[in-house]
Amino acid sequence: MSHTDPHSNRTRLIDQLAQESAAGVRPFALAPLLTVWWLLSWVFVVTMTLLTGSLRPGWQDQLAGSLRFSIETGLGIAAGLLLCIAAFRSAVPGPHQRRWTGAALMLALLWIGSFVMGLAAPTFETAVIGARPGCEQQVLLFGLPAMLAGLWLMRRGYVLNWPLAGAAIGLAAGFIPATLMLVACWYQPQHILGFHIFPALLLGLGGGMLGLGLQWLDSRRP
Amino acid sequence: MTCTDSASSADTRPNDEVRWSTWMVEAQQGDQESYRKLLTSLANAITAYLRVKFGNIDFLEDCVQECLLAIHQGRHTYQCSKPFRPWMFAVVRHKAIDMLRHRARRPQGESMDDDSNHLENSRVVPDQSEELMVREEFFIGLPNHFREALVLTRVIGLSVREAADHTGVTEAAMKVRVHRALKALRKLLDEVDAF
């Protein structure tokens, strides 16, 4: 029966970790990374959207003329931004992480809820003007690189709850093309829910699954 | 204001907070001595914290060392403009719960003697769980049925089925009880003001 002194083990571990720390570390720059990801993702999605089609004719007038449409668009942008903040914040340990994600999810639900409400009383009369073929695939395809880039950047931090963080960045990435489709595709609440928001939710699910995988990878890290 | 200025001028914060923050900032710049001092001080604080929250569990030292490793791996995420303790306790809380959640059942016949800080409870039988709970003050802030579930499955090392048989509840109910106990423990670990 061999007993090892736990404190000598601890001292050895501390010595080893101190030796490893000699090179120093570059602090994780949360705000700049988050800002760069958000802006570049928008630039990427807008560019891809414009390369694959045009925006709906008269979208500027609709945005300026309808408060409700402006609120819907603003809510989409705000929900995506809050999800992005929640996701990147989760790469830095600290209190109230779940509250941030909870608040972001509430805003996302509010945004989705506005279109559910629109099923009964839509903002605009249904007109297929501006319809974009394959918009649902485009939401997935444009959001996917943004999501993967986000996960890659978040891995530079120290994420404690990967599934939640992955779902948040997946949703944030999906909400960017889904919001843009409000002006790049035809306006009809049922279509928006099924072809713009549903693929964005799928990206959230995919992000959560990837997060699970990353958690598993981290648990195997020596 | 640089990080070093901010850490040294924050004299309104508790002593530990200022020292830990200063040492961490210096450690991030590669100061080994500061890092050694930081980890030694944190190890003592984490031991005290976990002993109060968990009781005298046999894997306390493992838990402390896992927390130190996690702090090491995530040290680049500490931002000097933010308080140190919430950052550190978020890591500790996560690691401690993670260890409890994934603590596998001890294989039959394996001795616990190799465990550091062990309880000498290799002869503990489930019937003694109540006495053990009181003597070692396991998970003292939790309701009794949660404490019992954790002691049986995570300290004594019974399977969920054995723990369920012992307490006279169904296996599913025991699973739920362990899950809820871990959730309650996570909340309990949020109370770090005393440390």
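Order of the sequence lines fixes the chain letters, A, B, ..., with proteins taken first and strands second; residue numbering starts at 1 for each chain.
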Checklist entry - Side chain, backbone, both or neither: which part of A/Q16 has an atom under 4.5 Å from a heavy atom of chain B? => result neither
Item to check | A/S114/A/R68 under side chain to side chain donor-acceptor pair (under 3.5 Å): CA gap, chis, key distance, verdict | outcome: CA-CA 9 Å; A/S114 70; A/R68 187 168 154 192; over 6 Å; no
Checklist entry - Where does the angle between the aromatic ring planes of B/F84 and B/W20 fall among parallel (under 30°), tilted (30 to 60°) and perpendicular (over 60°)? => result tilted
Checklist entry - Taking A/E136 as the fixed residue, which of A/C185, A/P177, A/P199 is the one that meets the side chain to side chain contact (heavy atoms under 4.5 Å, CB included) rule? => result A/P199
Item to check | Part of A/L13 lying under 4.5 Å from any heavy atom of chain B | outcome: side chain
Next on the checklist: Please classify the contact of B/A27 with chain A as side chain, backbone, both or neither, using a heavy-atom distance under 4.5 Å.
Outcome noted: backbone
Checklist entry - Taking every heavy-atom pair that is under 4.5 Å apart, which of B/R75, B/K95, B/E33 has the most such pairs with chain A? => result B/R75
Item to check | A/Q190 CD: over 12 foreign heavy atoms closer than 6.0 Å | outcome: no
Checklist outcome for this item: Looking only at A/L160, A/I14, A/V92, most heavy-atom pairs under 4.5 Å shared with chain B are made by A/L160
Next on the checklist: At a 4.5 Å cut-off on heavy atoms, which part of A/A29 comes close to chain B: side chain, backbone, both, or neither?
Outcome noted: neither
Checklist entry - Aromatic rings A/H196 and A/H191: how do their planes relate, parallel, tilted or perpendicular, breaks at 30° and 60°? => result perpendicular
Checklist entry - Which one of A/A23, A/S21, A/G94, A/G24 has the most heavy-atom pairs closer than 4.5 Å to chain B? => result A/S21
Item to check | Sole candidate of A/W42, A/W38, A/W111 that passes ring-ring contact (aromatic ring centres under 6.0 Å, His included) when paired with A/F175 | outcome: A/W111
